[in-house]
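Here is how names work: the chains are called A, B, and so on, in the same order as the sequence lines, proteins then strands, and each is numbered from 1.
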Amino acid sequence: MSEELLGINDLHVSFSTRRGMVEAVRGVTLSVEKGEMLGLVGESGSGKSVTGFATTRLLDAAGRVTGGKILFRGQDVTKLRGDDLRQLQGAAMSMIFQNPRAALNPIRAIGLQIADAILTHKKISKDAARAETLELLCAVQIRDPETRMNAYPHELSGGMCQRVMIAIAISCNPALLIADEPTTGLDVTTQKVVMDLLADIAAARGMATILITHDLGLAARYCRRIAVMERGRIVEEASPKKLFSAPQHAYTRRLVAASPTATSRIEDLVTEEERERHATIVSKPRQQLPHGTPPLLEVRKLAKRFDQGSAAVADFSMTMAGGESVGLVGESGSGKSTTSRMICRLIDPSEGDIVFDGQSIGHVASRDFHRSPLRKDIQMVFQDPNESLNPRFTAFDCIAHPLMRLDGMRAADALRKRVEECAERVGLPLDLLPRFPHQLSGGQKARVGIARAIACRPRLLVLDEPTAALDVSVQAVVLQLLDRLRRENDIALLFVSHDLNVVRMLCDRTIVLRNGGIVEQGESRALFDNPKTDYTRKLVEAIPHIETGPALAAAL
Amino acid sequence: MLSYILRRIVSTLPVMAIVALFVFSLLYIAPGDPAVVIAGDQASPEDVERIRQGLGLDRPFLIQFGSWVWRILHGDLGTSIFTSLPVSAMIGQRLGPTLSLMTVTLLLTIVVAVPLGVVAAWKAGSFIDRAIMAFAVFGFSLPVFVVGYVLAYIFALELEWLPVQGYTPLTEGFWPWLQNLILPSIALGCVYIALIARITRATMLEVLQQDYIRTARAKGLGQGGILFVHALKNAAVPIVTVIGIGIALLIGGAVVTESVFAIPGLGRLTIDAILRRDYPVIQGIVLLFSFVYVLVNLMIDVVYTLVDPRIRY
């Protein structure tokens with residue numbers, strides 16, 4: 001029907017590291033037709049980004065194409081040099097990246113950055129380039145483009161930065177655009193806006209797109225064809241419908257199972273084979289608390305104002321019973337992290353009170369709270385397991401530290417026993433305890449973070465996007481772990497997330513925040529199935545769903 | 001922007017006040033009675049007392065300080081004990097050579113060191129990188145006077161390309177002026193070239209790792225555009241900082257260099273004044289150098305805001 005634009009043939013890419021050559025891509029064969037949007041899906045380390053970088057010739061100095069061909073319009077990209085290469089880069093083929101704010105030069109006005117791309121490839125005057133820049137900013141729907149041209153990246157939101165990146169990428173009307181995790185790190189509503197924009201632009205300009213993502217749902221929503229990568233190879237290639245209803249390869253099956261959907265439960269997140277293996281740890285239902293038990297946590301009219309006066313959080317009240325799990329959702333900037341940090345007593349509220357187990361803790365200054373006996377009852381799991389572990393502490397030190405500080409545990413034997421107990425609890429192999437964070441995988445680091453948090457046997461665990469930096473299969477395991485901890489140890493969970501599918505599975509109740517205030521709250525499933533406010537509806541609709549069930553069966 | 005600069009100038013006032021107090025106290029901290037020193041060996045106690053009263057040394061400390069500051073604000077730095085000339089005139093005479101030496105050295109340093117650092121970072125790990133860094137280590141480890149004498153021996157005595165010593169004012173022509181400054185500037189600049197090349201390389205290496213450099217490559221920008229438009233400007237803040245610190249260090253280096261090349265600058269004046277315990281001259285020079293240093297820092301702060309829009313003013 002249509003002709004091939006890009007043909008990758010048995011591509012091999014290796015990186016030279018201290019431990020010798022590491023093969024990141026081992027024989028990828030892929031083809032992209034003109035104007036098509038192809039999804040390239042896989043977990044971290046699968047080689048999907050490396051494939052993208054090899055195609056656009058942006059590999060690090062350590063990376064090298066060791067075999068195969070990348071044919072773009074019949075020309076082997078891997079053999080291009082000098083001017084031929086630069087004529088390709090940014091002109092015929094362009095790329096947008098994860099973390100748009102970092103991908104833009106922080107000290108150059110965005111208008112100039114777009115004009116750079118135009119002036120590199122077209123012999124036109126600066127004024128003409130400026131006019132084109134303005135058109136591009138309009139095309140990516142940036143309001144008030146005249147003023148925004150002079151803005152710097154730090155003055156724009158993440159979503160806007162990504163639009164600027166898109167403007168740069170499409171500035172010379174490329175035939176192929178490679179989008180590497182373009183919306184990871186943006187909240188769901190922004191993700192939808194950016195992806196819709198990208199899809200529209202690609203369709204309008206007849207541009208072929210490769211969408212590289214770890215999010216199967218996202219790929220399914222925007223691509224007609226999805227290629228799944230695992231450990232440097234493409235293991236399966238199919239339409240989204242086929243991929244979800246009848247995944248062929250074991251890895252695809254695992255990935256599909258681990259991707260949360262609107263209806264999935266925590267138990268569903270692993271494939272059936274795996275479920276059988278873990279059949280023994282079917283969790284017992286939580287026992288109902290007798291009526292009239294005082295709440296574990298009560299937050300009254302909490303507010304936080306930062307220097308400039310406008311409130312980040314205002315009039316926030318909630319209660320939590322022991323062992324309950326509550327989700328706190330909202331877009332970035334809605335005040336959910338600020339709220340969770342106030343409850344953890346890491347920052348001081350401007351107004352209101354926090355009552356934990358009958359004691360008012362809202363007025364204890366946050367920098368003195370570490371001396372409070374309640375410190376060990378309220379613990380936190382942070383967003384990025386890479387950043388929140390001390391790189392000079394071994395996993396053991398990490399878990400042992402709060403025990404020594406908060407429980408006053410000194411005896412080496414007892415300490416070792418407790419640390420090992422915690423590690424076992426979170427499924428961290430004991431032989432990993434002497435390792436430093438950089439020697440652990442993302443999932444293992446997440447477990448260390450959770451083990452550290454539960455070491456002192458807290459009664460409330462506050463989790464700030466604990467799975468946002470993790471692959472779906474690791475996320476599935478971590479979620480199951482959290483759910484088990486809650487049921488077996490009766491730990492209450494306050495779960496801050498922008499991933500509504502995850503909140504729906506894990507949390508009994510959900511609170512929706514917007515601009516620092518509560519918009520809606522209620523029992524999770526009811527809230528998501530029948531949102532009462534437009535805002536919640538918008539959030540729910542923005543989740544890339546994987547259509548399953550009767551509609552899909554009929555289509556096949 | 002203007003209000004920022006004004007605010008910065010105002011904020012340097014306390015610094016200058018503290019420096020002034022310190023400089024003034026030199027007279028008291030230093031061993032020996034200034035009046036005795038001035039009077040000389042053969043003076044009678046009456047002579048000493050007369051001199052003390054003449055200098056106002058018998059009045060309370062704060063009053064002395066106050067009237068000293070008042071005089072300085074009116075441009076009166078006092079009179080040299082040794083030559084009986086006004087200190088401001090003595091400094092004025094010697095300012096030209098030192099300023100010339102420092103300016104030429106600074107320009108030479110920046111023009112040589114920054115490109116060296118950029119090239120080293122761009123070709124990191126290659127032979128060129130290693131050669132530049134080896135040179136940097138070499139430049140670090142050689143004292144100014146060694147480099148100075150070696151240069152003077154090779155280029156002045158053996159090859160006779162440049163004059164051995166001395167100084168010609170700029171008013172007598174650009175080339176004669178520059179001729180006399182080339183060797184001293186290279187000798188003095190060696191350490192700073194090494195230092196700034198290293199800092200430039202380290203900062204550039206970090207900047208070249210950043211995502212936006214990959215974006216620049218993705219746009220198809222040439223190597224020059226990437227290195228100088230996108231990378232170097234992002235690396236500028238640490239480099240400018242080190243250049244600023246370098247200027248402060250140059251003041252010390254200039255003293256030694258001027259001795260080696262017999263340049264009649266402030267460095268020589270300082271040494272002479274210290275040897276003669278000529279306190280008014282020492283005070284004047286220290287005050288001037290402090291003022292220059294504060295001014296340089298002010299300029300660096302302004303440059304920061306020009307380079308990086310994220311630094312708010």
Side-chain angles (χ1 to χ4, degrees), chain A residues 16 49 52-53 55-62 82-110 112-122 150-155 161 164-165 167-169 171-172 174 177-178 180, chain B residues 1 118-130 200-241 300-313:
Chain A
S16 60
S49 292
F53 287 130
T55 308
T56 46
R57 288 288 299 271
L58 292 172
L59 283 175
D60 291 342
D83 284 346
D84 291 341
L85 178 62
R86 277 205 296 280
Q87 269 163 28
L88 186 83
Q89 281 179 334
M93 204 190 254
S94 61
M95 190 159 184
I96 60 178
F97 308 97
Q98 190 174 354
N99 195 357
R101 205 187 297 273
L104 290 170
N105 188 338
I107 61 171
R108 204 166 162 77
I110 56 155
L112 286 179
Q113 298 195 45
I114 300 173
D116 275 348
I118 300 170
L119 288 168
T120 310
H121 298 289
K122 292 184 196 167
N150 302 318
Y152 293 95
H154 69 277
E155 297 165 334
C161 284
V164 173
M165 276 304 295
I168 291 174
S171 63
C172 296
L177 174 73
I178 298 184
D180 184 13
Chain B
M1 186 70 195
V118 171
V119 170
W122 174 32
K123 299 276 178 193
S126 72
F127 172 74
I128 299 173
D129 176 29
R130 273 178 224 153
T200 306
R201 176 181 181 269
T203 323
M204 282 292 282
L205 274 182
E206 206 183 306
V207 170
L208 288 174
Q209 299 281 318
Q210 300 296 316
D211 285 1
Y212 52 82
I213 297 299
R214 193 179 53 199
T215 307
R217 283 168 63 203
K219 285 189 218 170
L221 251 60
Q223 200 60 250
I226 291 173
L227 284 176
F228 290 97
V229 179
H230 286 271
L232 187 57
K233 207 177 165 201
N234 270 292
V237 168
I239 298 173
V240 170
T241 309
I300 291 171
D301 279 341
V302 175
V303 171
Y304 284 166
T305 62
L306 294 180
V307 166
D308 192 337
R310 286 168 300 179
I311 295 174
R312 303 288 294 239
Y313 45 77

> Provide the closest heavy-atom pair for B/Lys219 versus A/Ile168 in the form atom of the first, atom of the second, distance.
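Taking every non-hydrogen atom into account, CG-CG2, 3.7 Å.
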
> Side chain from CB out, backbone as N, CA, C, O: work out which of these in A/Ala91 comes under 4.5 Å of a heavy atom of chain B, or both, or neither.
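Looking at A/Ala91, nothing touches chain B.
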
> Contact part of A/Gln98 toward chain B, heavy-atom cut-off under 4.5 Å: side chain, backbone, both or neither?
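Contact with chain B involves the backbone of A/Gln98 alone.
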
> For the OH atom of B/Tyr212 and the CZ atom of A/Arg108, what is their distance to the nearest 0.5 Å?
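Those atoms lie 12.5 Å apart.
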
> For A/Arg101, which residues count as a side-chain hydrogen bond (donor to acceptor under 3.5 Å, both in side chains) partner, sequence neighbours excluded?
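Not a single residue meets the side-chain hydrogen bond (donor to acceptor under 3.5 Å, both in side chains) criterion with A/Arg101.
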
> Relative to chain B, which of A/Gly90, A/Gly82, A/Cys172, A/Ala103 shows the most heavy atom pairs under 4.5 Å?
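Looking at each of A/Gly90, A/Gly82, A/Cys172, A/Ala103 in turn, A/Ala103 comes out on top.
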
> What pair of heavy atoms forms the shortest contact from B/Asp211 to A/Ala102, and how long is it?
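Taking every non-hydrogen atom into account, CB-O, 3.3 Å.
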
> Roughly how far apart are A/Asp60 CG and B/Gln209 CD, rounded to 0.5 Å?
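One finds 7.0 Å between CG of A/Asp60 and CD of B/Gln209.
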
> To check you understand the geometry: which heavy-atom pair defines the closest contact between A/His154 and B/Arg310, and what is its length?
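Smallest interatomic distance, heavy atoms only, reads ND1-CG, 3.1 Å.
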
> Heavy-atom distance under 4.5 Å to chain B: side chain of A/Leu104, backbone, both or neither?
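For A/Leu104, the backbone is the part near chain B, not the side chain.
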
> Given heavy-atom pairs under 4.5 angstrom as the criterion, report whether the side chain, backbone, both or neither of A/Leu59 touches chain B.
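It is the backbone, since no side chain atom gets that close.
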
> By side-chain hydrogen bond (donor to acceptor under 3.5 Å, both in side chains), which residues pair with B/Thr203, not counting sequence neighbours?
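side-chain hydrogen bond (donor to acceptor under 3.5 Å, both in side chains) check on B/Thr203 returns nothing, list empty.
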
> Could you check if a side-chain atom of B/Arg214 sits within less than 4.5 angstrom of a side-chain atom of A/Met95, using non-hydrogen atoms only?
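Heavy-atom side-chain distance check fails, nothing below 4.5 Å.
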
> Nearest 0.5 angstrom please: B/His230 NE2 to A/Asp116 CG, how far?
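One finds 4.0 Å between NE2 of B/His230 and CG of A/Asp116.
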
> Hey, what do you get for CG (B/Asn234) to CD1 (A/Ile107), rounding to the nearest 0.5 Å?
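Rounded to the nearest 0.5 Å, the CG-CD1 separation comes to 4.0 Å.
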
